[in-house]
Amino acid sequence: MAADERPVTVVIADDNDLLLDALRLAVSAADGLEVVATASDGAGAVEAVRAHGPDVVLIDLRLGSEWGLDVVPALRDGPRAPEVVVFSAAELDGVVDEAARVGVSRLVPKGAPLEDVIRTLADAGSERRAGEGGQPPGQS
């Protein structure tokens with residue numbers, strides 16, 4: 001399969017199990033996207049990224065007692081750093097500068113239509129692949 005035909009791989013991190021399952025199902029059903037792992041906390045998200053090398057991480061701003069933005073530098077630490085999309089019910093206006101500083105590429109409110117979330121993940125994955133020359137993992 002050509003590099004541009006591979007699905008965009010996604011890790012989803014959210015502390016709400018019901019929402020996590022719903023997002024996993026919705027993203028997995030979308031054309032061109034594949035959920036490779038989910039996590040309910042920051043450590044699980046970092047572990048999933050290290051294990052699967054996804055194109056994109058969709059992470060909640062609040063992961064229980066953890067602040068999602070505190071996890072982002074660890075998610076982006078490595079040669080194939082994923083794009084990070086923050087998905088949150090919290091007010092996003094106050095975190096835009098901090099999010100950009102730690103490496104978040106996009107912010108999506110939890111009230112956004114599902115189609116917007118799917119499009120944001122696909123766009124972030126396309127941007128990441130364009131930055132690596134569209135090569136499959138391990139290729140140069």
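Side chains included, hydrogens not; waters and symmetry mates left out as well; all remaining heavy atoms used. One is the number of the first residue; the rest follow in order along the sequence.
Considering all non-hydrogen atoms of both residues, Gly103 and Val84 come closest at O-CB, 4.3 Å. Residues Pro54 and Ala48 come closest through the heavy atom pair CD-O, 4.4 Å.
The side-chain hydrogen bond (donor to acceptor under 3.5 Å, both in side chains) check on Ser105 picks up Glu83, with sequence neighbours excluded. Taking Arg76 as the reference, nothing meets the salt bridge (charged side-chain N to carboxylate O under 4.0 Å, His left out) condition, with sequence neighbours excluded. With sequence neighbours excluded, no residue satisfies salt bridge (charged side-chain N to carboxylate O under 4.0 Å, His left out) with Arg50. Considering only residues two or more places apart in sequence or on other chains, Glu127 meets the side-chain hydrogen bond (donor to acceptor under 3.5 Å, both in side chains) condition with Arg106. Residues satisfying the side-chain hydrogen bond (donor to acceptor under 3.5 Å, both in side chains) criterion with Asp55, sequence neighbours excluded, are Thr9, Arg128, Arg129.
Applying the side-chain hydrogen bond (donor to acceptor under 3.5 Å, both in side chains) test to pairs two or more places apart or on separate chains, none has a residue in residues 36-49. Among pairs with a residue in residues 111-126, those fulfilling salt bridge (charged side-chain N to carboxylate O under 4.0 Å, His left out) read Asp116-Arg119, at least two apart in sequence or across chains.
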For Val86 and Val95: C-alpha separation, side-chain torsions, deciding distance, then whether side-chain contact (heavy atoms from CB on, under 4.5 Å) applies.
CA-CA 10 Å; Val86 167; Val95 299; 5.9 Å; no
Do Val104 and Val85 pass the side-chain contact (heavy atoms from CB on, under 4.5 Å) test, and can you show the C-alpha distance, the side-chain angles, and the key distance before you say yes or no?
CA-CA 6 Å; Val104 170; Val85 176; over 6 Å; no
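The side-chain contact (heavy atoms from CB on, under 4.5 Å) test with Asp14 is passed by exactly one of Leu58, Asp60, Ile59: Asp60.
Within the 4.5 Å cutoff, the side chain of Pro82 has heavy atoms near those of the Val49 side chain.
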Name each donor-acceptor pair under 3.5 Å that joins a side chain in residues 63-72 to protein atoms two or more places apart or in another chain, with its distance.
{"unit_1": "Glu66", "atom_1": "OE1", "unit_2": "Gly42", "atom_2": "N", "d": "2.8"}

Can you give each donor-acceptor pair under 3.5 Å made by side-chain atoms of residues 16-36, sequence neighbours left out, with the distance rounded to 0.1 Å?
{"unit_1": "Asn16", "atom_1": "OD1", "unit_2": "Leu18", "atom_2": "N", "d": "3.0"}
{"unit_1": "Asn16", "atom_1": "OD1", "unit_2": "Leu19", "atom_2": "N", "d": "2.9"}
{"unit_1": "Ser28", "atom_1": "OG", "unit_2": "Arg24", "atom_2": "O", "d": "2.8"}

